[in-house]
Amino acid sequence: MFFQDDTPDLLRHLNPQQRQAVESNPQTSALILAGAGSGKTRVLTTRIAWLLQNAHAGVHNIMAVTFTNKAAKEMNTRLSAMLPHNLRAMWLGTFHGICHRLLRLHYRDAGLPQTFQILDSSDQTSIIKRLLKQMDIDEKILAPRVLQGFINAQKEAGLRAGCLEAPDPYTQRLIRCYAEYEQLCNREGVVDFAELLLRTYELFNTHSALLSHYQSRFTHILVDEFQDTNKLQYAWLKLLAGGGAAVFAVGDDDQSIYRFRGANVGNMAQFLQDFQIKQAIKLEQNYRSVGNILAAANAVIQNNSDRLGKNLRTDAELGDKIRFFSAYNDLMEAEFVVSEIKSLQRDGADLNQIALLYRSNAQSRVLENALFQAAIPYKIYGGLRFYERQEVKHALAYLRLAVNPDDDNALLRVINFPPRGIGTRTVENIQAAAQESGTTLFQAACKMGKKVAPFIELIEQLRAQVGVVSLPELVQSVLDLSGLVAHYRAQKLIAEQERVENLDELVNAAIGFRVADVQLDMLPENLADNAALPIIAFLSNAALESGENQAGRGDSAVQMMTVHAAKGLEFDAVFLTGLEEGRFPSELSLNEAGGLAEERRLMYVAITRARKRLYLSMAQQRMLHGQTQFGVVSRFVDEIPEALLHHLSPKPKNKNLNDNSHLYFNQTAPAISRQELPREFDGFRVGENVRHAKFGVGVIIDARDKNDGSADLTINFGVDGVKTLNTKFAKLDKI
DNA sequence: ACTACCGGCCTTTTT
DNA sequence: GGCCGGTAGT
């Protein structure tokens with residue numbers, strides 16, 4: 001064993017905290033609390049390089065786990081640039097990707113068919129709908145999404161239907177459905193996302209030789225975004241590291257924003273305890289944002305209790321103040337954003353470096369419209385991704401049937417698409433026959449006679465090509481023989497022609513697909529004998545990867561996305577819109593325990609995306625879901641020290657108003673002035689702002705005449721909540 | 001069997 | 001305001 005003497009090189013660009021993290025004891029576990037913009041990925045990758053260079057581990061001893069494919073790719077790229085090693089033997093991937101790999105390798109021990117397929121969320125939804133129909137349960141009584149949430153939550157808690165019990169009939173029914181769902185998936189050879197993890201966990205638990213093999217192989221496990229792990233992922237990790245592996249976990253409790261899908265911040269404290277870590281290492285030096293922005297972020301997040309405790313600092317200059325704008329309505333808010341972007345553009349800003357953020361996707365439309373009108377290029381993230389498009393899913397369903405005709409979900413998807421005269425009645429007959437004989441739909445359909453014969457014939461034709469022709473050729477066959485392309489081509493709408501292009505793109509994806517890229521060191525004897533291997537790999541990849549949404553990256557465009565989607569990204573200028581009570585923080589989150597704290601972390605994530613400039617804006621009136629909503633400023637804006645804020649005012653046309661003057665309410669409202677004024681209730685109108693001695697400023701959201709000349713006003717006071725006050729008793733001032 | 005229209009619904013999102 | 005699901009009509 002020899003030690004390379006270039007270690008200092010590797011560490012030269014690290015600050016003392018980062019260096020302490022990278023050089024922490026290679027034999028023990030560590031928790032790195034990495035604040036936003038503190039060089040988290042750099043520490044993670046440098047740690048791996050350091051372990052290798054100092055021979056603390058070989059490439060094959062390392063497992064690096066991330067949450068997204070993007071993060072995994074990023075890490076792979078950085079490592080390849082840093083190291084002379086061949087990284088093939090290192091396991092680097094998402095939790096789901098790694099579990100998938102383990103299940104493919106040990107499918108027999110895991111009790112799965114070799115050709116098992118992965119369900120994405122929408123596949124899971126349709127299975128559940130089918131299940132409810134089969135069990136004769138009204139969707140109005142038990143919503144599919146409720147059942148889906150229940151099943152996923154149970155799996156994430158590590159619980160099978162068989163070990164669940166409930167006193168109340170409602171939960172009992174949920175459990176029955178869960179049990180039925182498990183059977184259905186097993187029969188069809190499909191596995192949902194949570195199942196990938198749970199199966200692997202159970203596989204390890206029941207096959208001790210297998211577990212100890214991997215325990216002794218992976219002596220170093222590194223985990224990114226540790227605050228996002230759920231209970232099952234943590235248990236999985238603990239099990240795998242149980243042989244004494246050193247776990248290097250990097251995370252930021254202040255950026256935990258996925259509790260709603262099972263992420264458990266408590267895992268960080270649990271980890272410190274379970275792995276006997278004396279103290280977490282904190283990275284508190286921020287390299288991203290100017291001083292004022294960082295100060296605002298720190299001020300907001302300080303309102304949360306139960307933090308592990310961390311305060312970011314920077315050596316950067318203070319920079320501009322944070323600009324705040326209160327618009328009369330959502331249209332004017334969008335107008336404001338447009339004019340500021342134009343001004344940034346005049347100053348030579350790169351549009352790619354401008355982000356337009358919002359709490360929920362529904363808010364994007366008005367903003368998009370305004371940008372479009374102003375001819376400012378924009379790119380919206382978070383729409384449908386490639387493999388989620390219906391035409392692509394249709395094509396993949398045929399492909400699935402070619403590998404496994406027992407995939408009922410895939411069969412139902414395309415048995416009559418494109419339309420071939422197999423209606424609901426016929427499908428019901430097939431389903432009844434299948435249930436009767438306990439077979440899959442395909443098996444039942446084969447005995448149905450001439451109505452479905454052409455479809456069966458089509459599937460058989462595709463099956464016959466498996467292993468005979470190449471993957472891209474098979475995809476092409478699917479498109480031709482199924483009539484999918486012909487169907488879309490026959491449509492007049494331009495949107496349908498785009499679908500043809502997407503299907504062509506699918507063939508390209510198949511051409512570019514390398515099995516080796518996905519299933520790195522799958523044991524040859526396991527699958528090499530199976531002619532369906534390339535197709536299975538291609539389908540699994542489609543489900544796990546769902547397709548990059550990054551096309552058109554080259555042209556310069558304003559980046560539009562939800563705050564969630566912005567996590568991990570950074571921009572020179574950030575517009576954070578819709579800062580109203582009820583929107584951000586979201587009304588729905590306020591009802592649940594810990595909901596407000598999570599919204600505040602979301603606000604913290606949003607603020608810390610900005611490098612140089614941050615704009616905050618709100619709309620006093622907003623059209624949402626077809627009705628006008630009235631809003632007061634978000635409490636999160638109030639949590640930012642006044643000294644950091646610069647209030648901008650709406651500028652009435654042809655008037656030169658002092659920018660430092662106070663906010664103008666209702667001064668200019670071109671979009672609204674066309675409307676009639678709302679009815680008066682004892683001198684007040686719905687939508688107006690009022691001031692109350694105790695509750696402060698609020699907005700009237702509803703009014704009701706009493707018969708004595710007074711009126712009951714329902715007023716939203718923001719932080720102080722919604723109150724109903726009578727004009728005769730409450731002292732209310734119009735403002 | 002298929003299409004066209006009406007009514008209810010609505011966080012956040014990755015795998 | 002837009003999507004999905006159910007229903008009525010061809």
Side-chain angles (χ1 to χ4, degrees), chain A residues 65-72 93-100 118-126 129 133 138-140 143-145 149 152 155-156 191-198 225 228-230 232-233 256-263 330 357-366 368-369 381-385 387-388 390 416-428 451 540-549 561-568 578 582-592 595 598-599 601-603 605-606 622-629:
Chain A
V65 199
T66 63
F67 273 85
T68 63
N69 292 303
K70 205 166 127 199
T94 63
F95 273 103
H96 293 87
I98 284 171
C99 286
H100 171 239
I118 302 167
L119 301 174
D120 68 19
S121 324
S122 65
D123 295 329
Q124 193 187 25
T125 310
S126 55
K129 284 184 178 171
K133 206 164 262 173
D138 190 342
E139 287 192 7
K140 285 192 190 89
R145 53 184 302 171
N152 291 336
K155 287 192 179 186
E156 274 160 23
V191 166
D192 62 42
F193 286 135
E195 185 74 22
L196 287 171
L197 282 149
L198 184 53
E225 305 277 16
D228 287 337
T229 49
N230 64 32
L232 180 56
Q233 285 160 338
S256 162
I257 56 174
Y258 286 115
R259 203 181 59 137
F260 69 92
R261 66 175 199 224
D330 46 355
L357 308 183
Y358 31 83
R359 173 73 236 278
S360 72
N361 280 312
Q363 289 162 245
S364 68
R365 224 196 71 257
V366 175
E368 179 185 5
N369 233 337
Y381 290 80
L384 270 193
R385 276 153 328 160
Y387 288 112
E388 289 166 2
Q390 62 143 299
N416 197 33
F417 195 93
R420 49 173 75 86
I422 303 174
T424 29
R425 198 55 181 274
T426 314
V427 173
E428 273 167 23
K451 221 170 194 174
S540 303
N541 183 250
L544 285 171
E545 183 116 18
S546 63
E548 285 293 288
N549 204 10
M561 64 195 88
T562 63
V563 179
H564 281 93
K567 186 166 160 224
R583 290 238 56 79
F584 197 179
S586 155
E587 189 135 43
L588 291 127
S589 70
L590 295 180
N591 301 325
E592 48 197 87
E598 172 125 334
E599 293 285 314
R601 292 193 291 270
L602 199 52
M603 180 71 180
V605 167
R622 181 182 295 283
M623 267 300 257
L624 218 58
H625 308 313
Q627 52 190 338
T628 310
Q629 300 187 349

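In what follows, chains carry the letters A, B, and so on, assigned in the order in which the sequence lines appear, proteins first and then strands, with residues in each chain numbered from 1.
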With a 3.5 Å distance limit and no angle check, can you tell me whether [X] reaches the backbone of [Y] through a side-chain donor-acceptor pair?
X         : Y         : result
Gln629(A) : Met623(A) : no
Arg622(A) : Asp330(A) : no
Asn230(A) : Gln233(A) : yes
Tyr358(A) : Val563(A) : no

Is the shortest side-chain N/O distance from [X] to OP1 or OP2 of [N] below 4.0 Å?
X         : N       : result
Asn361(A) : dT13(B) : yes
Arg385(A) : dT15(B) : yes
Thr94(A)  : dT14(B) : no
Asn152(A) : dT15(B) : no

Nearest-Å distance for atom pair [atom1]/[atom2], residues [X] and [N]:
X         : N       : atom1 : atom2 : answer
Gln629(A) : dT11(B) : CD    : C1'   : 12 Å
Leu588(A) : dT11(B) : CG    : P     : 8 Å
Asp228(A) : dT12(B) : CG    : P     : 18 Å
Asp120(A) : dT14(B) : CG    : C1'   : 11 Å
Phe67(A)  : dT14(B) : CZ    : P     : 13 Å
Phe417(A) : dT3(B)  : CZ    : C1'   : 14 Å
Lys70(A)  : dT14(B) : NZ    : C1'   : 12 Å
Arg622(A) : dG1(C)  : CZ    : P     : 15 Å

With syn defined as a glycosidic torsion within 90 degrees of 0 and anti otherwise, which applies to dT11(B)?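 Syn, angle within 90° of zero.
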Checking all strands, does [X] fall into the base, sugar-phosphate, or nothing category for heavy-atom contacts under 4.0 angstrom?
X         : answer
Glu598(A) : nothing
Phe95(A)  : nothing
Thr426(A) : sugar-phosphate

For the residue pair Phe193(A) and His96(A), categorise the inter-ring angle as parallel (less than 30°), tilted (30 to 60°) or perpendicular (more than 60°).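 Plane angle over 60°, so perpendicular.
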Can you tell me how far the CD atom of Glu195(A) sits from the CD atom of Gln124(A), to the nearest 0.5 Å?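 Those atoms lie 10.0 Å apart.
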What about Thr562(A): does its side chain form a donor-acceptor pair under 3.5 Å with the base of dT11(B)?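 It does not, because no donor-acceptor pair links the side chain of Thr562(A) to the base of dT11(B) below 3.5 Å.
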Check: dT12(B) base within 3.5 Å donor-acceptor of Arg359(A) side chain: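 It does, because a donor-acceptor pair links the side chain of Arg359(A) to the base of dT12(B) below 3.5 Å.
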If you measure only the distance, is there a donor-acceptor pair under 3.5 Å linking the side chains of Thr562(A) and Arg359(A)?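 Arg359(A) and Thr562(A) do not have a side-chain donor-acceptor pair below 3.5 Å.
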Give me the distances for all protein-to-nucleotides 5-9 of chain C N/O pairs that come in under 3.5 Å?
| residue | atom | partner | partner atom | Å |
| --- | --- | --- | --- | --- |
| dG5(C) | OP1 | Lys129(A) | NZ | 2.3 |

Pairwise 5' ranking along DNA chain B for Leu602(A) and His96(A), keeping only the more 5' one: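 Nearest-nucleotide comparison on DNA chain B picks Leu602(A).
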When you match Gly421(A) and Leu544(A) each to their closest nucleotide on DNA chain B, which lands nearer the 5' end?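 Closer to the 5' end of DNA chain B: Gly421(A).
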Of the nucleotides dT14(B), dT12(B), dA1(B), which has the atom closest to the Thr68(A) side chain?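 Among the listed nucleotides, the one closest to the side chain of Thr68(A) is dT14(B).
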Given dG1(C), dC2(B), dA1(B), identify the nucleotide with an atom nearest to the side chain of Pro419(A).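 Nearest listed nucleotide: dC2(B).
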If we require ring centres under 5.5 Å and near-parallel planes under 30°, does Phe260(A) stack on dT13(B)?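 The base of dT13(B) is not stacked with Phe260(A) (the test needs centres under 5.5 Å and planes under 30°).
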Residue pair Tyr387(A) / Ala542(A): nearest heavy atoms and the distance that separates them: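 Result for this residue pair: CD2-CB, 3.5 Å.
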